[in-house]
Amino acid sequence: MNSARSLSQGEIDGIWDGAQTVLLGNLKKGSDPKYRRDYAYVCPSLRSYPWQWFWDSCFHAIVLSHFDTNLARSELNTLMSVQRADGFIPHVIHWGARFIADPPAYWQSKLALRPKSTELIQPPVLAQAVLQVAERSQDARFLAESLDKVKRYYLWLREYRDPDGDFLISVISPYETGMDQLPAYDEALGLRNPSRLGLHFRDRTLDLQNLVLGRNYDLDVIFKRDRFTVEDLLVNCVYAQGLRAISTMCRMAGDEATCDSFTRMAERTERSILAKCYDAESGIFWSLASRDERPLKVSTITSLLPVILESIEPELIERIVERHILNEDEFWLPYPLPSVALSEPSFRAAERMVIWRGGTWINTNWLIAKGLQRHGYAEAARVIVQRSAELVLKSGFREFYNPLTGEGYGARNFGWSTLVVDMLSTLQYL
């Protein structure tokens, strides 16, 4: 493994200033007559993604906590303000829109003339974001007011998204994972080498089926149909991590009994991931599809996500790191970590129009680097941080990047790529 070079203070300052410019430039404020409340959130990209997306918003709050804790709190309060009585929080909120020109927004929502939000979820990083903002702001009131909402959201996931009761939650659309066109989902739907148009048609058709054939997003009906039911590794690893974050927040609030309850939930989820998703022969993890839990044997970034689990055994971490993360024929490319292993036929380093087919993303680098640091692989984490910073210095805050050349693709001034600030600040880089 090549050692990471040190960034100059000028480079670090430039990234820091650039991140603030992006986040403040993407800030949207107003008052929504439909919701009858004010809002303040950072959209992922002004032109491409003007609404509030769930996991993007959590990432934005984490970075904002380094600059402006008041704005970080407003970001999360806006997100949680639309929580339903049962605990659900949608993956997209259409703040302030009189008319939505994007037809798929209607397919991902219950029938309405102007849907206020979708019926989908995204990877549950809410607890991690609330915890970091609470710790950095030292705001006990924010912690107390947020904790009940966060608990109710994760309990909703447990109750409504675990149809087989194995402590792993299921997604019903690739859009729920945030990794829309990941090749593993081709296999989940029995497709081989679909075209660009075919990939878009596949995902949009699935959402339309969930609306129409799923009887207006009735989860019981959707799970019985079992058209696309995936226990996704990224979603479940982040879910387990979030349960532990709730446990930490309960301890901060002096509620030891609830703290222990969420710790046990996290442990059960982690045990299920380690027992059901690990493939000893390949030394890697697979997401599981359908009620028969068919492993999706495509080597993607999700296969590496168990490195963030607290209870993963040292030998499993070593196997993932040595055989896959640091493997130059798989994930250890000039700008790691690609969303698809180099060895996979579906790997496309220069694909611009279809996402998650090989590009490097800052948010998954953030997750994995933190996991590596936690488990003692500080140098590997340091290289990932440094290469992520180089991507930003080379190509700006882009949606994703070519893992071979570092060229930036997708939306410009993309919010979650500012996570490199948190990586530089918290992973013992500075």
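This structure is a prediction, so every number in the text was calculated from the model and none was measured.
Taking 4.5 Å as the limit, some side-chain heavy atom of Phe414 sits within range of a side-chain heavy atom of Pro44. The shortest side-chain heavy-atom distance between Tyr154 and Leu243 falls under the 4.5 Å cut-off. Side-chain contact between Ile312 and Val307 is absent, with no heavy atoms from C-beta onward closer than 4.5 Å. In this structure, the side chains of Ile172 and Phe223 come closer than 4.5 Å at one or more pairs of heavy atoms. Side-chain contact between Pro174 and Leu206 is present, with heavy atoms from C-beta onward closer than 4.5 Å. The shortest side-chain heavy-atom distance between Pro90 and Leu120 does not fall under the 4.5 Å cut-off. Side-chain contact check for Leu419 versus Val63: some heavy-atom pair is nearer than 4.5 Å. For the pair Ile355 and Phe400, the minimum side-chain heavy-atom distance is below 4.5 Å.
Residues Glu399 and Tyr49 have side chains that bring a donor and an acceptor to within less than 3.5 angstrom of each other. Neither side chain, Gln181 nor Trp356, offers a donor N or O lying under 3.5 Å from an acceptor on the other. Looking at Asp226 and Ser290, their side chains do bring a donor and an acceptor atom within 3.5 Å of each other.
Between Glu310 and Arg374 a salt bridge is recorded (basic side-chain N to carboxylate O distance below 4.0 Å). Ion pairing of Glu281 with Lys297 is absent here, as no side-chain N (NZ or NE/NH1/NH2) approaches a carboxylate O to less than 4.0 Å. Under a 4.0 Å N-O distance rule, the pair Lys224/Asp220 does not qualify as a salt bridge. A salt bridge links Asp166 to Lys276: one of the charged nitrogens lies within less than 4.0 Å of a carboxylate oxygen. In this structure, Asp139 pairs ionically with Arg73, as a charged nitrogen and a carboxylate oxygen lie closer than 4.0 Å. Between Asp186 and Arg357 a salt bridge is recorded (basic side-chain N to carboxylate O distance below 4.0 Å). Ion pairing between Arg196 and Glu351 holds under the 4.0 Å rule for side-chain N and carboxylate O. A salt bridge is defined here as a Lys NZ or Arg NE, NH1 or NH2 lying under 4.0 Å from an Asp or Glu carboxylate O, and Lys370 with Asp422 meets this definition. Checked for salt-bridge contact, Arg244 and Glu270 meet the test: a charged N lies under 4.0 Å from a carboxylate O. Between Asp86 and Arg84 there is a salt bridge, with a side-chain nitrogen of the basic residue lying less than 4.0 Å from a carboxylate oxygen of the acidic one.
Between Ser343 and Glu330 the shortest heavy-atom distance is OG-CG, 3.8 Å. In terms of heavy atoms, Val221 sits closest to Arg215 at CG2-CD, 3.9 Å. When all heavy atoms of Leu342 and Phe347 are compared, the pair lying nearest together is CD1-CE2, 3.5 Å. Considering all non-hydrogen atoms of both residues, Asn236 and Leu168 come closest at OD1-CA, 3.2 Å. Of all heavy-atom pairs spanning His94 and Ala105, the tightest one is NE2-CB, 3.8 Å. Taking both residues in full, the closest heavy atoms of Arg323 and Ala280 are given as NH1-O, 4.5 Å, listed atom of the first, atom of the second, then distance.
Under a 3.5 Å cut-off, the side chain of Thr360 and the backbone N or O of Tyr335 do form a donor-acceptor pair. Listed for the Ser74 side chain is no donor-acceptor partner under 3.5 Å among the backbone atoms of Ala40. For the pair Gln122 (side chain) and Trp55 (backbone), a donor-acceptor distance under 3.5 Å is present. The main-chain N or O of Leu233 is found under 3.5 Å from a side-chain atom of Ser287 such that the two form a donor-acceptor pair. With hydrogens and angles ignored, the 3.5 Å screen pairs a side-chain donor or acceptor of Thr269 with a backbone N or O of Met265. Without hydrogens or angle criteria, Ser425 side chain to Val421 main chain gives a donor-acceptor distance under 3.5 Å. Side-chain atoms of Asn216 come within 3.5 Å of backbone N or O of Leu111 as a donor-acceptor pair.
No option in Leu304, Asn327, Leu326 other than Leu326 meets the side-chain contact (heavy atoms from CB on, under 4.5 Å) test with Val321.
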Checking Asp38 against Ser31 for the side chain to side chain donor-acceptor pair (under 3.5 Å) test, could you report, in this order, the C-alpha distance in whole Å, the side-chain angles of both residues, the deciding distance, and whether it holds?
CA-CA 4 Å; Asp38 296 337; Ser31 181; 3.1 Å; yes

Q | Derivation of the salt bridge (charged side-chain N to carboxylate O under 4.0 Å, His left out) call for Arg152 and Glu159 | A | CA-CA 10 Å; Arg152 288 194 295 115; Glu159 181 174 354; over 6 Å; no

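A cation-pi geometry, defined here as NZ or CZ lying under 6.0 Å from the six-membered ring centre and within 45° of its normal, does not hold between Lys28 and Tyr39.
Crowding of Arg268 atom CZ: a count of heavy atoms from other residues, nucleotides or ligands under 6.0 Å exceeding 12. The local environment of CG in Asp292 is crowded, with over 12 non-hydrogen atoms from other residues, nucleotides or ligands closer than 6.0 Å.
Taking the six-membered ring where the residue is Trp, the centroids of Trp286 and Tyr278 are separated by 6.0 Å or more.
Aromatic ring orientation, Tyr153 versus Phe54: tilted (interplanar angle from 30° to 60°).
For Glu145, the salt bridge (charged side-chain N to carboxylate O under 4.0 Å, His left out) partners at least two apart in sequence or on another chain are Arg141.
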